[in-house]
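Everything below concerns the one structure shown next.
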Amino acid sequence: MVWQRGPLPWSYEQKVGDFLKPGVRRLDIRGGISDCEDGSFDLVTAYQTEYDLDVVVRVLRKNGFFVTQQVGGRNRPDSPGYNLENQGPRLEAAGFRLMYSHQGYYQDENGVLQHRFIIIGKLMRKGEA
């Protein structure tokens, strides 16, 4: 395990901002997903929140993007295996091509080791999640 002091080596806001162009339809699923039309979004984002991958696939257009940053298993006693190594293949099996993925461990201001990971996937085909 490699860890560092200070911020993560990526910025979630910057990664999401790279996709926010005029005309892009975005769904931010913090707080859940309401009824959405199938294939109606170019971008779905999930910042440290639970998401249903079947729903993400359903609401994204083909060639749409999913950007998620999650709290890793090191900080989730109920899900110690929740990490990039397990979630990346899950997205690939659902039809995503991983465009960017990174996992980081860092020490917060209280000296507590934190685990985060980010995945950016492009939906290449509609599949089963």
task: Measure the CD-CZ distance between Gln69 and Arg116 for me, rounded to the nearest 0.5 Å.
output: 7.0 Å
Pairwise distance OH(Tyr82) to NE2(His115) - rounded to 0.5 angstrom: 10.5 Å
task: Provide the closest heavy-atom pair for Gly17 versus Lys21 in the form atom of the first, atom of the second, distance.
output: O-NZ, 4.4 Å
task: Return the minimal non-hydrogen interatomic distance between Phe65 and Met99, and the atom names on each side.
output: CE2-CG, 4.0 Å
message: What I want to check is whether the side chains of Thr45 and Arg26 have a donor and an acceptor closer together than 3.5 Å.
response: yes
- prompt: Nearest heavy-atom pair of Tyr106 and Leu8: which atoms, and what distance?
  reply: CD2-CD2, 3.4 Å
task: Identify the two heavy atoms, one from Leu53 and one from Ala94, that lie closest to each other, and give their separation to 0.1 Å.
output: CD2-CB, 3.8 Å
query: Is atom CD of Glu13 surrounded by more than 12 heavy atoms (other residues, nucleotides or ligands) closer than 6.0 Å?
result: yes
message: Donor-acceptor check, side chain of Asp108 to backbone of Asn110, threshold 3.5 angstrom: yes or no?
response: yes
- request: Determine whether Gln14 and Val16 make a side-chain contact, defined as any pair of heavy atoms from C-beta on separated by less than 4.5 Å.
  value: no
field: From CZ (Arg25) to CG (Leu43), nearest 0.5 Å
entry: 11.5 Å
- request: Give me the one residue out of Val55, Val59, Leu60 that meets side-chain contact (heavy atoms from CB on, under 4.5 Å) with Leu27.
  value: Val59
Worked check of salt bridge (Lys or Arg N to Asp or Glu O under 4.0 Å) between Arg76 and Glu50: CA-CA 12 Å; Arg76 295 174 69 141; Glu50 300 295 323; 2.9 Å; yes
- prompt: Side-chain heavy atoms under 4.5 angstrom apart, residues restricted to Ile, Leu, Val, Met, Phe, Trp, Tyr: same cluster for Tyr47 and Phe19?
  reply: yes
- request: Mind checking the SG-CZ spacing from Cys36 to Phe41? Nearest 0.5 Å is all I need.
  value: 4.5 Å
- request: Indicate, with yes or no, if Val57 and Met124 share a hydrophobic cluster defined by side-chain heavy-atom contacts under 4.5 Å among Ile, Leu, Val, Met, Phe, Trp and Tyr.
  value: no
- request: Measure across Ile118 and Leu84 and return the closest heavy-atom pair with its distance rounded to 0.1 Å.
  value: O-CD1, 4.2 Å
- request: Please confirm whether Lys122 makes a cation-pi placement over Phe96, using NZ or CZ under 6.0 Å from the six-membered ring centre and within 45° of the ring normal.
  value: no
- request: Answer yes or no: is there a donor N or O on one side and an acceptor on the other, between the side chain of Gln70 and the main chain of Thr49, under 3.5 Å?
  value: yes
- request: Measure the acute angle between the ring planes of Phe66 and Tyr51, then classify it against the limits of 30° and 60° as parallel, tilted or perpendicular.
  value: perpendicular
- request: Check step by step if side-chain contact (heavy atoms from CB on, under 4.5 Å) holds for Asn63 and Leu123.
  value: CA-CA 5 Å; Asn63 296 318; Leu123 185 60; over 6 Å; no
- prompt: Going through the distances and angles, do Gln87 and Phe117 end up as a side-chain contact (heavy atoms from CB on, under 4.5 Å)?
  reply: CA-CA 10 Å; Gln87 294 304 304; Phe117 63 92; 3.8 Å; yes
message: I'd like to know if the side chain of Asn83 and the backbone of Gly72 have a donor-acceptor N/O pair within less than 3.5 Å.
response: no
- prompt: To the nearest 0.5 Å, how far apart are CZ in Arg90 and CD in Glu85?
  reply: 15.0 Å
Rounded distance (nearest 0.5 Å) linking atom CG of Asp52 with atom CZ of Arg58: 9.0 Å
- prompt: Thinking salt bridges, do Asp42 and Arg61 make one under a 4.0 Å N-O criterion?
  reply: yes
statement: Between Trp10 and Lys15, the two heavy atoms sitting closest are CB-CE, 4.4 Å
- request: Output, in order, the C-alpha distance, side-chain angles, deciding distance and verdict of side-chain contact (heavy atoms from CB on, under 4.5 Å) for Ile120 and Leu98.
  value: CA-CA 6 Å; Ile120 299 174; Leu98 301 188; over 6 Å; no
